[in-house]
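Here is the structure we will look at, set down as structure tokens.
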Amino acid sequence: MERIYLNDGWKFTEKFDERMVRRNFDESGLKEVRLPHTCKETPFHYFDEHVYQMVSGYRRRLFVPEEWREKRVLLTIEGAAHESTVFLNGQKIGEHHCGYTAFSIDLSESLRYGEENILAVRVDSRESLNIPPFGHVIDYMTYGGIYRDVYLEVRNPVYLKDVFVRSEFTSERDAVLISEAALNEETQGYVIRQSMRKKGETQSVPLGECKAEAVTKLSFPVKNVSLWDVEQPALYEIKTELVWQGRVLDKTVTVFGFREAQFRRDGFYLNGRKLKIRGLNRHQCFPYVGYAMPESMQKRDADLLKRELGVNAVRTSHYPQSHYFLDRCDELGLLVFTELPGWQHIGDAAWKEQAVENVRDMVRQYRNHPSIILWGVRINESQDDDGFYVETNRVARSLDPSRQTGGVRANKKSSLLEDVYTYNDFLHEGDNRGCEKKSAVTSDVTKPYLVSEYNGHMYPTKAYDCEEHRVEHALRHANVMDALVGEEEIAGGFGWCMFDYNTHKDFGSGDRVCYHGVMDMFRNPKLAAAVYACEQEREPVLEVASSMDIGEHPGCHRGAVWIFTNADSVRMYKNDSFVKEFRREDSPYRNLCHGPLLVDDFIGDALERREHMKPAQAEKVKTVLNTVARFGLGHLT
Ligand code: GAL
């Protein structure tokens, strides 16, 4: 079944006009736009969130051929911020109350066949809406507009509404492939058939078939599968077909990975192997266009995380993100912790009902991605609310028995209804421990524990801050990462955050930017990015943290010079004369594979060679000179 993308040919207005839903509306005052679209392009910084708060309108002509009359025509809007009402030929046909999940509407009954139809969408991006994440302050901008793809599907009258695939292992490489295939309506005489092939291969293996029901449960043993892993993320395509009297009437291809992802008391296990989670948090925003970036840029962020920053995991803070991003995480073997939309605030009963609906949509829409290893079912950093969170946990577990739940909190020893205690640990201040002990935080030490954020507001850093500040920023990331690796009982952590982002007036540096990223808003790496990059071993990294210009430092004291590298050793030369070799095992960071190396010698044997000093004398003078260079004459140790 092909998708017909409706990304081109839209007309837009910043002020929704009720008449624009009608067929005979004069479109000449509307602006031509393409999707993904932001309702307002913004400056880089110093702008107010009111600029994108509006009730905007989108309108598009849609010619519907006569042949579609016998079909089901489904419209899907992948993401519109934040509340949408959809009209077809003047009639309201659907609404959706979440800016971060997709929604589909069956247009079939309302379409005019063999002629042009008018599709219109009213999009409300006001922050006064009584839906998540609104209701209090939020440390990120929420933007507006139809910012993800819109497409049509033309399907058989009886069609596969949803296919959920998971697996259970019977031995290391053998599994049972378990699927639930839901039809749009109950029916008789249909058969569901499945086959499987490795992605990229042409040969499919038939799995089997059975009689179709409203929800058909299929389960087939599969032997000797290649595993989806962080190193080699093998993907399979599971083809599910709806067959009637030998004819295939509908089909869905689900990209799937066989893997066992499990948080245990002492950490995270992927395919039975303990793996320390080394991740970063990602928002979905970009400069100028807010959320409105296409497939290529969504995928590029995943590439940057895996290939340039070298992390093995990402948290999609604080909402479900583009499927393109997730698809790429699947392909790259990048683990994902995804969560429902929200930030600190829990609203009234209607608000909570919508949040539960958001969990339902999130799990249904994202549960086939092998990269997702954990559902976040608490509003980020909200207070305990057992009634509410019993329900979000129940919904996630009932729709996906294959994944555990977590829920990000900022408080210790809170009510643990989830499988994993996920906590934002901002203990580190530069000169103290890198993280809390698990036992100091969790309310049940027998359950798994994961750090969902660290650093961030503890040390905002601009890409163009002075060297000492940027070095301190990088070292703080190294300090926490090192501490997390040292804690056997902690599954790992996600640094705050991948890149700088625009934010509300209550946060950030007064210019509506939170400079919390290890990259800037354009994804240019700051020094701290190298600390992450060093932990991967695919690409060589060598970043000298200092330009060694004395004028950059107070009192012209160069301070400590650090080398970030994943090399086994680095040899330093001064004017082509060898000074010293710094080895990986010299790093004071004992837990990291490639911790920062401290440069403690700028002289080497130059005093003996060039000044003809005796070895003992040279050693003493060298110590003095190196100490002066680092601390200054007034601060000699
Ligand atoms: C956390 C919050 C994040 C971000 C971060 C800044 O409390 O969850 O969204 O605001 O602080 O460090």
Side-chain angles (χ1 to χ4, degrees), residues 45 49 99-100 127 132-143 279-285 290-291 313-321 336-346 355 374 376-385 389 406-412 414 418 420-430 432 434-436 441 450-462 465 469 472-474 476-477 479-481 484 493-521 526 528 532:
H45 53 7
E49 62 276 9
Y100 301 96
E127 296 183 352
F134 306 116
H136 195 49
V137 294
I138 306 174
D139 175 21
Y140 50 92
M141 294 266 185
T142 53
Y143 305 102
L280 283 164
N281 282 273
R282 177 201 187 233
H283 267 304
Q284 63 174 11
C285 52
Y291 287 165
V314 57
R315 171 172 168 231
T316 65
S317 49
H318 301 292
Y319 35 76
Q321 301 186 356
V336 182
F337 172 17
T338 204
E339 66 190 357
L340 83 166
W343 204 81
Q344 291 191 350
H345 165 78
I346 301 175
L374 189 64
V377 299
R378 293 170 73 105
I379 302 295
N380 172 65
E381 292 192 337
S382 56
Q383 297 301 308
D384 285 344
D385 185 332
Y389 291 136
V408 172
R409 62 202 90 213
N411 40 347
K412 297 179 180 175
S414 84
E418 296 75 30
V420 184
Y421 200 101
T422 43
Y423 174 71
N424 290 349
D425 180 346
F426 294 111
L427 177 77
H428 186 58
E429 294 182 312
N432 60 338
C435 67
E436 297 271 14
V441 179
L450 173 69
V451 172
S452 33
E453 287 179 38
Y454 56 85
N455 285 356
H457 63 276
M458 299 304 290
Y459 208 73
T461 301
K462 302 180 180 80
D465 268 334
H469 195 94
E472 171 69 10
H473 181 228
R476 284 184 181 220
H477 277 273
N479 294 343
V480 179
M481 287 164 72
L484 289 172
F494 295 85
W496 189 268
C497 56
M498 182 185 174
F499 47 79
D500 300 342
Y501 52 97
N502 290 120
T503 191
H504 286 84
K505 66 170 174 13
D506 321 87
F507 306 93
S509 296
D511 57 356
R512 307 301 168 99
V513 179
C514 253
Y515 294 93
H516 294 175
V518 299
M519 295 179 140
D520 70 11
M521 259 199 258
K526 299 180 193 171
Y532 288 86

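We count ligands from 1, going down the list as the structure has it; atoms in each ligand are counted the same way.
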For atom 11 (O) of ligand 1, which of the options Glu453, His318, His516 provides the nearest non-hydrogen atom? Glu453

Numbered atoms and elements of ligand 1 in range of Gly456, under 4.0 angstrom, heavy atoms: 12 (O)

Nearest option to atom 7 (O) of ligand 1, as decided by whichever heavy atom of Glu381, His283, Arg315, Arg409 sits closest: Glu381

Salt bridge present between Lys462 and Asp500 (N-O < 4.0 angstrom): no

Is it the case that the side chains of Tyr454 and His477 hold a donor-acceptor pair, with the cut-off being a distance below 3.5 Å and no angle test? no

To atom 10 (O) of ligand 1, the nearest of Asn281, Asp139, Thr503 on a heavy-atom basis is Asp139

Considering only heavy atoms of Asn380, which atoms of ligand 1 have at least one such atom less than 4.0 Å away? 2 (C), 8 (O)

Would Tyr501 and Phe507 count as a ring pair (Phe, Tyr, Trp, His ring centres under 6.0 Å) if you check the C-alpha gap in whole Å, the side-chain angles of each, and the deciding distance to 0.1 Å? CA-CA 11 Å; Tyr501 52 97; Phe507 306 93; 9.1 Å; no

Quick one: sort the His318 and Trp496 rings into parallel, tilted or perpendicular, breaks at 30° and 60°. parallel

Proximity of Phe507 to ligand 1 by residue part, where a heavy atom lies under 4.0 Å: neither

Polar contact flag, side-chain donor to acceptor under 3.5 angstrom, Ser317-Tyr140: no

Between Trp343 and ligand 1, find which residue part has any heavy-atom pair under 4.0 Å and reply side chain, backbone, both or neither. side chain

Which class fits the ring pair His473 and Tyr459: parallel under 30°, tilted 30 to 60°, perpendicular over 60°? parallel

Contact atoms of ligand 1, heavy-atom distance to Asn424 under 4.0 Å: 8 (O)

Looking at residues at least two apart in the chain, or sitting in another chain, which of them share a side-chain contact (heavy atoms from CB on, under 4.5 Å) with His345? His136, Trp351

Could you list the atoms of ligand 1 found under 4.0 angstrom from a heavy atom of His457? 6 (C), 11 (O), 12 (O)

